[in-house]
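FYI, side chains are in, hydrogens and waters are out, and symmetry mates aren't considered; it's all heavy atoms of this structure.
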Amino acid sequence: ELKMNSIFYRGMSAILILLVALPAFGDVEKRVRVASEVVVNRQTSAKPIPPYVLAATKCAASLKIVKAGLIWGGEGSTGLVSCRTDKNQWSAPSFFTVDGVNFGFQIGVQFLESVMLFITDEARKILEHGTFQMGADLSVAAGPVGGGGGIGEIPNAQVLTYDRAVGLYAGVTIKGVYVGHDKSRNAEVYGEEKTPADILALDGSQAPNSVQPLLSTYRQYLPLSLE
């Protein structure tokens, strides 16, 4: 009987460990899926990002920010960022955290989707090494829109944003949001020893399978060169 109890408790312990571990993997999959959907939503809309802007892009982040009361960010908010490699390809993506910002009484807004394009080398350096506030640590401007070919003027800003607010209030933007790298999520996918700079220097083809769906979306909808 003691032996049977021991086997039972060992079996239950193994099941509990699996149940605890499963949400983490599901969370990574969900974050990748949501970030991919944000890009697809933008590029299949009536206001896609022009190819000439993508050709000038150093890094691209895809964020979905959920509102809780008067605060943006926290539970349900997610994002990933990928950068241009020396081979002119998208790098392995780093996971983002989004810290809450009070935007006041914007009744009816449910969530904000944003594709952020880091245009300058300085913007990429800031992105790689810490938490930053959009509009304070990095200058921000709304990006030009339009499909098809041709060359247009790129606004003089470190980051171009393409925002879509879902709800009654359509004027909210990414400006003012605090963004940083998600250390726990990056450690889960890449290992404890990898820094954000290490991850963003890694060619996307060498990234784990769990983030490949996002890279496939980037390659299809955010090509880095004019064709």
Side-chain angles (χ1 to χ4, degrees), residues 20-36 38-39 54 56-65 72-101 114-140 157-161 174-219 222 224:
V20 170
L22 282 174
F25 289 105
D27 187 51
V28 166
E29 180 181 351
K30 180 180 178 181
R31 288 169 184 255
V32 169
R33 175 175 54 79
V34 169
S36 299
V38 170
V39 172
L54 294 172
T57 295
K58 301 291 191 289
C59 303
S62 174
L63 302 179
K64 183 172 183 178
I65 309 173
W72 288 93
E75 189 68 26
S77 299
T78 186
L80 289 96
V81 61
S82 178
C83 291
R84 184 190 296 266
T85 67
D86 293 338
K87 296 180 181 178
N88 210 35
Q89 300 293 327
W90 287 115
S91 72
S94 175
F95 288 81
F96 265 169
T97 59
V98 183
D99 291 331
V101 173
S114 182
V115 177
M116 304 190 306
L117 304 182
F118 295 75
I119 301 299
T120 68
D121 291 328
E122 180 65 21
R124 177 169 181 162
K125 289 179 183 177
I126 293 173
L127 160 68
E128 288 178 340
H129 295 293
T131 299
F132 49 90
Q133 185 181 20
M134 305 304 299
D137 299 311
L138 289 167
S139 60
V140 177
Q158 292 171 304
V159 180
L160 301 181
T161 64
I174 196 75
K175 191 173 182 179
V177 168
Y178 289 89
V179 181
H181 295 275
D182 189 333
K183 293 181 180 179
S184 62
R185 209 67 61 216
N186 280 340
E188 178 185 341
V189 174
Y190 297 102
E192 294 281 353
E193 72 283 357
K194 294 289 187 183
T195 67
D198 292 334
I199 294 169
L200 294 173
L202 182 67
D203 192 274
S205 62
Q206 300 175 38
N209 289 336
S210 58
V211 296
Q212 287 299 329
L214 178 70
L215 292 170
S216 295
T217 299
Y218 269 43
R219 293 183 192 111
L222 303 177
L224 284 170

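Arg124 pairs by the salt bridge (Lys or Arg N to Asp or Glu O under 4.0 Å) definition with Glu128, not counting sequence neighbours. In this structure Ala92 satisfies the side-chain contact (heavy atoms from CB on, under 4.5 Å) test together with Tyr190, Ile199, Leu202, Ala207, sequence neighbours excluded. Every salt bridge (Lys or Arg N to Asp or Glu O under 4.0 Å) that Arg33 has, sequence neighbours left out, goes to Glu37. The side-chain hydrogen bond (donor to acceptor under 3.5 Å, both in side chains) search around Ser184 returns Asp182, not counting sequence neighbours. Contacts of Asp137 classified as salt bridge (Lys or Arg N to Asp or Glu O under 4.0 Å), with partners at least two apart in sequence or in another chain: none.
Remark: Asn88 CG is packed, more than 12 non-hydrogen atoms of other residues, nucleotides or ligands lying under 6.0 Å away.
Of all heavy-atom pairs spanning Ala61 and Phe118, the tightest one is CB-CE1, 4.0 Å. The two residues Gly79 and Leu63 come nearest to each other via the heavy atoms CA-CD2, 3.4 Å.
Side chain of Asn186 to main chain of Ser94: no donor-acceptor pair is present (N/O by atom type, distance under 3.5 Å, no hydrogens or angles). Arg84 contributes a side-chain N or O that, together with a main-chain N or O of Thr57, makes up a donor-acceptor pair within less than 3.5 Å. Between the side chain of Gln158 and the backbone N or O of Ser139, at least one donor-acceptor pair lies under 3.5 Å.
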- Query: Which is it for Ser82 and Leu222 under the side chain to side chain contact (heavy atoms under 4.5 Å, CB included) test, yes or no, and what are the steps along the way?
  - Reply: CA-CA 11 Å; Ser82 178; Leu222 303 177; over 6 Å; no
- Task: Could you give me the CA-CA distance, side-chain angles and deciding distance for Leu80 and Ser62, then say whether side chain to side chain contact (heavy atoms under 4.5 Å, CB included) is met?
- Result: CA-CA 6 Å; Leu80 289 96; Ser62 174; 5.9 Å; no
- Item | Residue pair Val115, Val38: steps toward the side chain to side chain contact (heavy atoms under 4.5 Å, CB included) verdict | CA-CA 7 Å; Val115 177; Val38 170; 4.0 Å; yes
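Each side-chain hydrogen bond (donor to acceptor under 3.5 Å, both in side chains) pair with one or both residues in residues 197-215, not counting sequence neighbours, appears once here: Thr195-Asp198, Asp203-Ser205.
Taking SG of Cys59 as the reference point, atom CD1 of Ile126 lies at 11.5 Å (rounded to 0.5 Å). Taking CE of Met116 as the start and CG of Leu160 as the end, the distance is 11.0 Å to the nearest 0.5 Å. With values rounded to the nearest 0.5 angstrom, Trp90 atom CH2 is found 12.0 Å from Thr217 atom OG1. Distance check: Gln133 CD to Leu138 CG gives 10.0 Å after rounding to the nearest 0.5 Å.
Between Phe96 and His181, the distance separating the two ring centers is shorter than 6.0 angstrom.
Checking each of Asp86, Leu215, Leu200 against Ser91 for a side-chain contact (heavy atoms from CB on, under 4.5 Å) leaves exactly one that passes, namely Leu200.
Between Asp27 and Arg31, at least one side-chain N (NZ, or NE/NH1/NH2) sits under 4.0 Å from a carboxylate O, which counts as a salt bridge.
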